[in-house]
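As structure tokens, the structure follows; a few thoughts come after it.
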Amino acid sequence: MNSDVIRLLPDSVANQIAAGEVIQRPASVIKELVENAVDAGATEISIILKDAGRTLIQVVDNGCGMSPTDARMAFERHATSKISAAADLYSLHTMGFRGEALPSIAAVAQIDLRTMRKDETVGTRLLISESKFESQEPASCVPGTNLMVKNLFFHMPARRKFLKKDSVELSHILREFERLALVNTGIGFTLIHNDVTLHQFGPGTLKQRIGALFGKNLESQLAAINTETSLVKIDGFVGMPRFAKKRGAQQFLFVNGRNMRHPFFHKAIVKCYEQLIAPDSQPSYFINFEVDPSTIDVNIHPQKHEIKFEHEQAIWQILEAAVRETLGKTQAAGALDFDSDEMPEIPLFDPSADTKAPDEGFDEAYNPFRPAADNGPASSAAARSWQPAVKRLPHDWDKLYDNFAGRRDDAYVAGTQTFDPVEAAGTLDLDNGPQSRQADGENLASPCFQLQGSYIVSSSHRGILVISQRRAHIRILYERYMASMRSDTMASQSLLFAEDFEISASQSAMLETMLPHLQSLGFRLERISSTNWSIPAVPAPLAGVSPVEVILDLLGDAGAASGIEALQSPLALSMARHSAVSNGQTLSAGEMENIVADLFRCSEPSFTPDGLTVMTVIDNDELSERFNG
């Protein structure tokens, strides 16, 4: 009996295992194919999609092309033209080097490849299905490569089932396309989905590419960063602090023409904005690093997004200094764009010009110290007298001083509300849950006062109750809006002037998916172009609040939410954030009492919908310890 149990896996099985790491969704296929086109020296790349990549992903480039032998070898596992020895891993100048992308794609889809080198007259066509070569024959084609990936995961129902809706997959593709287009500004790109051109632009600068992808308005919000040392050259753009966003900030890092995710460098950038933007806001940035290829390791993750730097700590310090210098130059007056034609018209100074004094009429006979009945233009001589008339104050003024006539204690009692907010909520115990009410004879007086313009302070049977006024109002409004949505009473209100806004293509695709549900919740949105929208009507509770900011918040919070129920909570939260009182806003005694009372009627008064603490209690034992210590 043979006791050997270890066997060599067939190439088709090994390729499917590798595909699980490299090919996760259509966006992964596009990334690998475009990077191959870049390595082939292409100056024009077209991406054609059907059904968000499920049915067809076609990448056409004008690169160097392949010979018939190279075309077939490209689909063999670990076959690559990028490296020939292990030492080459430390001097990489290409996007790909593993030799896994094409075999992995061929293992999960049907391949139709047509390619020809520039110095040849006849190309080759190659057909592959499920890692099996079906045919290879000469074909007439243009120089470069035309690779079609058809029916992704067609023989893997489990993988295909986990793909999201077309609109969600398209948003992932658009985000990947943005990264590829930003890092390869010298290449012209075209993106077509279901016969609709989503993007088309030629070679240009990084700033032009940013404007083409995210809108011209973003260009004016950026400041250039540029520094060069013996370790690293850093250039690109950082967003000016006043344009920081709570949602949807564009943040991109590149190294040697490659996209990367680097939380350590992200932290260095955000640290520079600590005292310049709100804690819940994020700046936009587009920063490229150029380093010696031997000082970085890109062979960490199959998708090559994670990069290891040899001089990470030193580059952190250089990056932080460069960002701080840029922000210091632009913080006071903003960045100057010398390419802009929109310059203010400043009139020339003419010293001989006769400037007239403002003609303001006034009554010379008016005397503020005389009674209103005695003032008038007729008695100008008496009006010029500066002797104030001694008369009794008007009767209406006496009412302002009525409270001072009463006893101080009586006035204090009259202005307070005699209930304990914790008791009013069913004696909420922030630590142990509800408790039974205390005896009716207990003193429940608990006047409210405002602390630092942000907190409402009251007393309870447990000690001192401190409530964040903004977070409490967010919780109150959130539950009101949710109740209105669930009862289908969210009315729509037309705006006097429709508000137009521009978003990225990936956000536009996501908004298109959410559109029917937003309309049922009271929004009316109209699409002007691929990335421009208009809002003619909003839900009635949003009157006086910027609907554009609500939509941007919603795009950031809702993500891939596809049902109306999934949109209700982020929409209600976004509306509550924009409608709630702000920190630093002065509240009257009645307003504070209403917030406290409404808060304890909520289903969860202790936390905001996104999990932030609303209130805290300084208990009696802690107070006793502080005074006895």
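Note that these values count all heavy atoms, side chains included, but never hydrogens, waters or copies made by symmetry. Note that the structure is a prediction, hence the values are computed from the model and not measured.
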So do Ile287 and Ile269 actually touch side chain to side chain, heavy atoms under 4.5 Å?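 Side-chain contact under 4.5 Å: yes.
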
Is there a side-chain contact between Tyr285 and His266 in this structure, where contact means two heavy atoms from C-beta onward sitting under 4.5 Å apart? yes

With distance as the sole criterion, is a donor-acceptor pair present between the side chains of Thr43 and Asn62 under 3.5 Å?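 Present: a donor and an acceptor within the cut-off.
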
Do Asn146 and Gln58 have side-chain atoms, one donor and one acceptor, less than 3.5 Å apart?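 The answer is yes; a qualifying pair exists.
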
Is there a donor-acceptor pair closer than 3.5 Å between any side-chain N or O of [X] and the backbone N or O of [Y]?
X      : Y      : result
Ser281 : Ile277 : no
Arg125 : Leu113 : no
Asn256 : Val291 : yes

Give the minimum heavy-atom separation between [X] and [Y], together with the two atoms involved.
X      : Y      : answer
Arg209 : Ile187 : NH2-O, 2.9 Å
Gly236 : Leu206 : CA-CD2, 4.2 Å
Val168 : Ser171 : O-OG, 2.5 Å
Ile128 : Ala106 : CG2-CB, 4.1 Å
Phe201 : Ala212 : CD2-CB, 3.8 Å

So does [X] pair up with [Y], basic N to acidic O under 4.0 Å?
X      : Y      : result
Arg117 : Glu120 : yes
Asp166 : Lys50  : no
Arg25  : Glu169 : yes
Glu512 : Arg527 : yes
Glu176 : Arg179 : yes

Against Phe309, only a single residue in Phe264, Phe265, Trp316 fulfils ring-ring contact (aromatic ring centres under 6.0 Å, His included); can you say which? Phe265

Cationic tip of Arg72 above Phe133 ring, under 6.0 Å, 45° of axis: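 Ring-cation test returns yes.
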
Do Phe252 and Phe286 make the cut of ring centroids closer than 6.0 angstrom?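 They qualify: ring centres under 6.0 Å apart.
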
Pair Phe189 and Phe177, ring centroids less than 6.0 Å apart: yes

